[in-house]
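Note that this is a predicted model, so its numbers are computed, not measured.
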Amino acid sequence: MVVSEMIASWAMIRENKKTLSMAEIDGHGGVSAVQLAGCDPVAMAEAARLAVDRGAHLIDINFGCPVKKVAVGQAAGSALMRDEVAAAAILTATVKAVPVPVTLKMRMGWDHANLNAPRLARVAQDAGIRMITIHGRTRQQFYTGSADWAFVRQVKAAVGIPVIVNGDILTEDDAASALASSGADGVMIGRGCYGRPWFLAQAAHYLRTGTRLAEPVLDRQKAILLEHYQAMLTQFGVGPGVRLARKHLSWYSRGLPGSAEFRASMNRLADAGSVLALVDRFYDPLIARGVTRSGSATELGFDEGGAADQASVHNRGPGAQAA
């Protein structure tokens, strides 16, 4: 299951064009999960209803975002871990508003003096939340330090609903270790997919079978990159899409010979056709030479801090899906 990027509830209600585009359901099958953030129960409930009316199969509530604009300026995201009464009101209102499952993503707590995730998890379960994802950091850590997978075991012991572990899952071994340390029911992967969206399938395969899938050959990686690039141009428009795609093309090319020069040139281009021509000039000689890009996200440099769209790989049997 892949979860949408975080969507502000008030923007959803106001039918902001960009926000509605972010919540668009692609129609390709699987579970369509829309993640909402906000601090007002009425607005969150209405935004959830709109998302379901537009085709969402699941609503995910964000109590984990550490960004100052959200957590401090709007008293949303991870700020709600500091106000359990307000958090409970938002959870209850959202669950009551929609006929689909509602899930929750949060952190260990605001800081290490307030590690209240187990208690808030019980509040969430009582409100009707169906699954909880825990990022093994506090809000004050942002993305620094290391995710504490073992702490998630306390949340798992506190509730009877599925718990998902998140944070620093960059390799197949990380996925297995996170599950073993946390006792969680599944893993959520974010930054580990930068430039390697196939990592979800690799992680799912390893968790199910104990064997590893090879990295796609370079011509297949290029094909995936091009499909992703065209999708961004279609979704966001050519101008914004070209700008947004720069970081993704940079991630795809990491670890390949000449990638630094490719990134420097690509970041100066404003025309989609010129970018595609540069991609051909960069990738095609490497493909002809049989060059491969291998290595984990850590080895390729994808473990820098920063938020990312989240994608879950559940280890719950043969019905699990990875996108």
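Ala76 approaches Cys39 most closely through the heavy-atom pair CB-N, 4.3 Å. Pairing each heavy atom of Ile164 with each of Met188, the nearest pair is CG2-N, 3.5 Å.
Residues satisfying the salt bridge (Lys or Arg N to Asp or Glu O under 4.0 Å) criterion with Arg137, sequence neighbours excluded, are Asp168. When the side-chain hydrogen bond (donor to acceptor under 3.5 Å, both in side chains) test is applied to Arg212, the partners found at least two apart in sequence or on another chain are Asp173. Take His112 and apply the ring-ring contact (aromatic ring centres under 6.0 Å, His included) test, not counting sequence neighbours, and it matches no residue. With sequence neighbours excluded, no residue satisfies salt bridge (Lys or Arg N to Asp or Glu O under 4.0 Å) with Arg263. For Ala8, the side-chain contact (heavy atoms from CB on, under 4.5 Å) partners are Ala11, not counting sequence neighbours.
Ring-plane geometry between Phe262 and Tyr283 is classed as perpendicular, the angle between the planes exceeding 60 degrees on a 0 to 90 degree scale with a lower cut at 30. Between His135 and Tyr143, the two ring planes are perpendicular [angle over 60°; tilted spans 30° to 60°].
A donor-acceptor contact shorter than 3.5 Å is absent between the side chain of Trp198 and the backbone of Ala214. Looking at Gln35, its side chain never comes within 3.5 Å of a backbone N or O of Asp60 through a donor-acceptor pair. Looking only at distances, a side-chain donor or acceptor of Arg107 sits under 3.5 Å from a matching main-chain atom of Phe142.
With rounding to the nearest 0.5 angstrom, the CG atom of Leu80 is 10.0 Å from the CZ atom of Arg82. Atoms CZ and CD1, on Arg49 and Ile59 in that order, are 11.0 Å from each other to the nearest 0.5 Å.
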**Message:** side-chain contact (heavy atoms from CB on, under 4.5 Å), that's the test. Do Leu256 and Leu218 meet it? Break it down for me.
**Reply:** CA-CA 10 Å; Leu256 290 171; Leu218 196 58; 4.0 Å; yes

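When hydrophobic side chains of Ile, Leu, Val, Met, Phe, Trp and Tyr are connected at separations under 4.5 Å, Phe236 ends up clustered with Met232, Leu244.
Under the 3.5 Å distance criterion, with hydrogens and angles disregarded, no donor-acceptor pair is assigned to the side chains of Asp174 and Ser177.
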